[in-house]
Amino acid sequence: MSGASLLTFARGPAFEVALAMLIFGMVWRLVGILALRRSRDYSEGRKTAGWVSGLRVIFSRSWPQAEFRERVLHWDIVSYLFHLGYAVAILGYLPHILLIRNLTGLRWPGLPGGAIAFAAGIAAASLLALLGHRLTSPVLRKLSNFDDYFSWFIAFVPLITGLMAYYNIGDSYQMVLGLHILSGDILFAWLPFGKLMHVILFAFSRGKTGAVYGRRGAAI
Amino acid sequence: MKEETGDETVLDVLERRGLTRRAFLQVCAAVTSALALSPAEAARITQVLASKPRPTVIYLSYQECTGCLESLTRSFSPGIASLIFNDISLAFNDTLQAAAGEAAEEAKDSAMKKAWGKYVLIVDGAVPLAENGAYCTVAGRSAVSDLRHAASGAAAVVAVGTCASFGGLPYAAPNPTGAVPVSEIVRDRPIINVSGCPPIAEVITGVIIYYTTFGLPALDRLHRPMSFYGNSIHDRCYRRPFYDRGMFAKTFDDEGARQGWCLYELGCKGPVTHNACPTMKWNGGTSYPIESGHPCLGCSEPDFWDKGGFYRPLSVPTGHWSRAGVMGAAAAAGVVAGLGAAVAARVRQDRTHKPDAGGDTNQKTPKS
Amino acid sequence: MAKRTVVVDPVTRIEGHLRIQADMDNSGAITQATSSGTMVRGIEIILQGRDPRDAWAFTQRICGVCTLVHGIASVRAVEDALHYPIPRNAEIIRNLMIGAQFVHDHVMHFYHLHALDWVDVVSALKADPAKTSALAQSISSYPRSSPGYFAGVKEKLARFVQSGQLGIFANGYWGNPAYRLPAEANLMAVAHYLDALAWQREVAKLHAIFGGKNPHPNFVVGGAPTAISVGPDQKGAGATAVNMTGLEIVHGVIGEMRRFVDQVYVPDTLAIAGFYKDWFRTGEGIGNFLSYGEFPLKSIADTGSFMMPRGAIVGRDLSHVEEVDLRDPHQVEEFVAHSWYSYSTGKDSGLHPFVGQTNLDYTGPKPPFEILDKTASYSWMKAPRWRGKAMEVGPLARMLVAYAQGDKQARELIGMALKHLDLPPQALFSTMGRTAARTLESKWIADSMEGWYQELMGNIRKGDVRTFNEALWDPGTWPARAEGVGFTEAPRGALAHWVVINDGLIENYQAVVPSTWNGGPRDAAGQEGPYEASLRGLKLAVADQPLEILRTIHSFDPCIACAVHMVDPNGEEMLQVKVV
Amino acid sequence: MSRPDRVIPIHPAPAPPSVVADALMREIAAALSRYAQDGQPHVIDLSAMPLSEDDTQRLDEQLGTGEVAIEIRSLLYTRVEETRYAGVWRVRHEDPDGSMRGEQIEITDIPEIVRASAADIGRSVQRLCADRAEEDA
């Protein structure tokens, strides 16, 4: 397949399929979870407005608890770097913004290419470091399953192909751009089906936890 | 009048016409200049033109709009280009044939016969295959049979324009006439694609002059000469710094447009288009599409008509499907699957924990 | 001379390949001619389902010679459908681009295609440069007219001939008795032929400034693509091609055009026409003329403001100009009775382009073929009719409609020419009338371009640099369904595109082009088109030198250098006509 | 043509420095001294060089014009001019319509294109003899 036809495929049918899978998967997961039977808590709540705790936990758990802070902080920082860099690269780069505008009608100003490349570089480096950590830490290695590695790969490829396209590395720009968009398509398509769904679910799981514990009066 | 032998050199032609060696040196200088050659190569050109038999060039047109030939004539003048084409190389062209002064059909046949196996065949336009070729006929013959015959005696084929190179407009979906590029029909000859809709005049002449003096140039994957198609428009665009700085014109007449900001957002295909527009420019170096405010259409690339619209930014999906319908269906399927999963989970729950054990607060959430 | 059928294929490259079959009687006069378009690309089919904002680029590729006219008609069709107003500056820029196309095309046509039907190049070798100079200076103030200059041209020509190669002048009918110019006039025309070659490359630059390139300059629905980068607060001045330098190039081109038309084209036409007055009596065609009008002096919506007015003349009646409405389903219709298309409404029905159909239906012989059956379908062109009548379009139609409506400039120009040549207005209905009309309108347009340029500069000075209206650019703002017709006057005649937009995409697209008006086949009622009609009765003085056919065919402007290639029904070459 | 009123300010882009002209002058000087020593001629093709307007101007100023100017009217129009440095020539080829078709700087005693070639002289001999014979007859 030539670069040009790969690009056309990635922007055309592949994207449509990926988007359909994304929507299907998201709806499936969310409906599936929300429609679960909730067990009733017969105890009297210590607090009535559990949702406040829920909201608080969504944010408070974004920082390690004091007890663990010393042990995990620097990996948390690396992880932060990755998430921030990733977000800047996705949301700050004009071509991506134009895609979002095309899908949702929303738009905002973009950042210079240099800033994007920097952010993406940081994200890529931290992602590599996180992989290294996962591979070298015996505990993490035991805990890791296919989903962890596959999701890492799915997240890493768009980053690296995007950087290659930006710096025009590789002998066919169209091919590299096509691969980049295709890897984005795959990311979209896979997102609801693996651990990457945490981009949505983290709010629900933390909120639920916060609400439950808040109601029970636990210090959170 | 014109006694042609198969192996005349350019020098011979000029001498036969009563011109001196000075005229020959002028031709060499002009060719050198046209190809922007280094002094070492320039010396070689003089040698080649004085010793190598001049090639015969035959030019045929099929499903085209004549834009390529028009572009070619924009570089024509009574000077070097017409000299090269009319007097030195060109043996047949439907349109310019009058200049060669021989009966067209005869000229074509005799030129082909004389240089059989050695001539350069230039083709513009796509070739329709549907309906036995009835969608394009010349003097009652189908274009495809005409081309097959002409190509079988050619040393190389130069496909001028995107129609001949990649199918171009006739090939655009749904390709009603079954059009194909030259390369689909001619498979056993070297092909040089000089794409563009039309190609820049100086690129056409440059490629042909290069071939007639040096032979096959270095080609890219799509068989285009690297010297003209080696860089993308984007790489050499004077607006590139604005792209890098994230400064984009949002419409054709905003502040950014007036200040020459990047046209990416308006659909510019410069990043994925290989051509010499930014460096050679058009019409004697006057301007090129991006300089004149319009995004690059990507006209030198295959299938440029079918890439989702000229004003759709490169990063935006081409969206041939009905998005609302398909996405709605995906969402509906998601709802069904989600509810199904939830019901299944409830059923499982009910089965694990007998109904009479109701009120069990230790109930575990189902495995997700 | 025996009865015979001659086949002329290809005649020219107007929108591909044109073939003419002519039946001749015993005297060698043409009794019936059939005109066939032998190439089709199905562009109207390709356009279905696409973004209407993209359509101009597709339709522009209908023809690379009159390269911009289809682009213009297309963007206007979409704008008409969406009721999309464009800024005045964009209108002016379009006028300038269309005007440049006209003047470029007409001069190229006259010198490089048509003039050699009247000018004997070889006879120019006998000319006296001093006398030529005197002749040139007596009719024009063109500076390149010294004896030395003409001596140089003559020398160059002599060298061509001596070397056995006439180059661009080869294979004419030099010496044919039908050539009547004195040697000096021939030499002058040859000199101007060479000058025009260099001139044409320069004037194409106007398109490059506003459209980025020529052939196929760019357009945009909603205005002009090039932002103007001059003005007091433009920090980015010089950032687009329309900067001070670019505008000066434009002005320079306009000056070059006016100079060449005034000093060369008009005097040459009048001088040559003076020797061929009998050609003001032959080759009329059908006597019906149609013009859509062009060059909006206010806006395209105001059809009354056009410099060249709209209207139809039927049966040579200059006292009455009929109104033309392109949306009226009973006015413009296309017939396919003799075309390789089918209609769901029946082969003999006519369809207004809004409901037009493009169903390719080839019923001709399988190639290779020798003869096309004139009683069946024989062309890829449809037969357009206005109120059921075949109409001639082009410079003559435009000038006649303007003349009949009493337009001051048209009357003045035509009056000047007729007075100079001492001819009545009826002389215009002829081969030479067509040629003269082309020259006169070139002057009219070239002079007007200066005015448009000044208007544009005036706007810029006032700070109005708007060239594009963004309001309706986003398809989300469009109505669910819209129909529009965009028109223009192409150098070769009236051109219009009809578009039906549904849900933001093209549902139907039909282009009715000048070549089909002039060169289309017969309709269901058997009425001939102008090409076919104008050849009827024409006689060849010298059997293998059909100069007369060329003169008439070329007066319609078959756009570029062409080769007329005649074959008899057995496939034997009988006549071969080549035109530079 | 008349220029429009200049009420619109122009902001010309800054011209790139004329680095090429300087490099060229050094190359010419080196080539000339080589020619003086061992008679090795040298040709520089200007059309292949990215000369800015400033470069061209600088080159014109520094090379100046010398004593000899030759016009060749053949297929193209060629003008051969010696610069103010003997042995350094400028050779310009133009189309009949005046557009430039190539420009070189040659370092030699007489540029190659000026010389009559042996073949041309041979043909001239034949022609001249034939003409004489005709005249005599």
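Below, read A as the first sequence line, B as the second, and so on, with proteins coming before strands; counting in each chain starts at 1.
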Could you tell me which portion of [X] (side chain, backbone, both or neither) has an atom closer than 4.5 angstrom to a non-hydrogen atom of chain C?
X: B:A179; answer: neither
X: B:C197; answer: both
X: B:I290; answer: neither

Within 45 degrees of the ring normal and closer than 6.0 Å to the centroid, is that where the cationic atom of B:R239 sits relative to B:F242?
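Here B:R239 fails the 6.0 Å and 45° test against B:F242.
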OH (B:Y171) with more than 12 external heavy atoms under 6.0 Å
no
What option among [options] has the most heavy-atom pairs under 4.5 Å with chain B?
options: C:T467, C:N469, C:N214, C:I45; value: C:N214
options: C:R50, C:H216, C:R53, C:E470; value: C:R50
options: C:T226, C:V220, C:D54; value: C:D54
options: C:G223, C:A227, C:G246; value: C:A227

Partner set under side chain to side chain contact (heavy atoms under 4.5 Å, CB included) for C:A55, not counting sequence neighbours:
C:L47, C:S74, C:I506, C:Y509
Does B:P199 have any side chain to side chain contact (heavy atoms under 4.5 Å, CB included) partners at least two apart in sequence or in another chain, and if so, which?
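Applying side chain to side chain contact (heavy atoms under 4.5 Å, CB included) to B:P199 gives B:C68, B:V160, B:V194, B:I204, B:Y229.
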May I ask you to name which of B:S287, B:P289, B:G293, B:G309 has the most heavy-atom pairs under 4.5 Å with chain C?
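Most pairs with chain C among the choices: B:P289.
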Go through B:T286, B:L297, B:L266 and name the one with the most non-hydrogen pairs under 4.5 angstrom from chain C.
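Highest number of pairs under 4.5 Å: B:T286.
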Do we see a donor-acceptor contact under 3.5 Å between the side chains of B:S300 and B:T273?
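Per modelled atom types, B:S300 and B:T273 side chains form no pair under 3.5 Å.
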Going by distance alone, is a donor N or O of one side chain under 3.5 Å from an acceptor N or O of the other, for B:T177 and B:Q63?
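B:T177 vs B:Q63: donor-acceptor pair found between side chains.
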Under a 4.0 Å N-O cut-off, is there an ion pair linking C:R466 with B:D253?
no
Residues C:R61, B:E64: salt bridge by 4.0 Å N-O rule:
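No, no charged N to carboxylate O under 4.0 Å.
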Contact part of [X] toward chain B, heavy-atom cut-off under 4.5 Å: side chain, backbone, both or neither?
X: C:W199; result: neither
X: C:D51; result: neither
X: C:F210; result: backbone

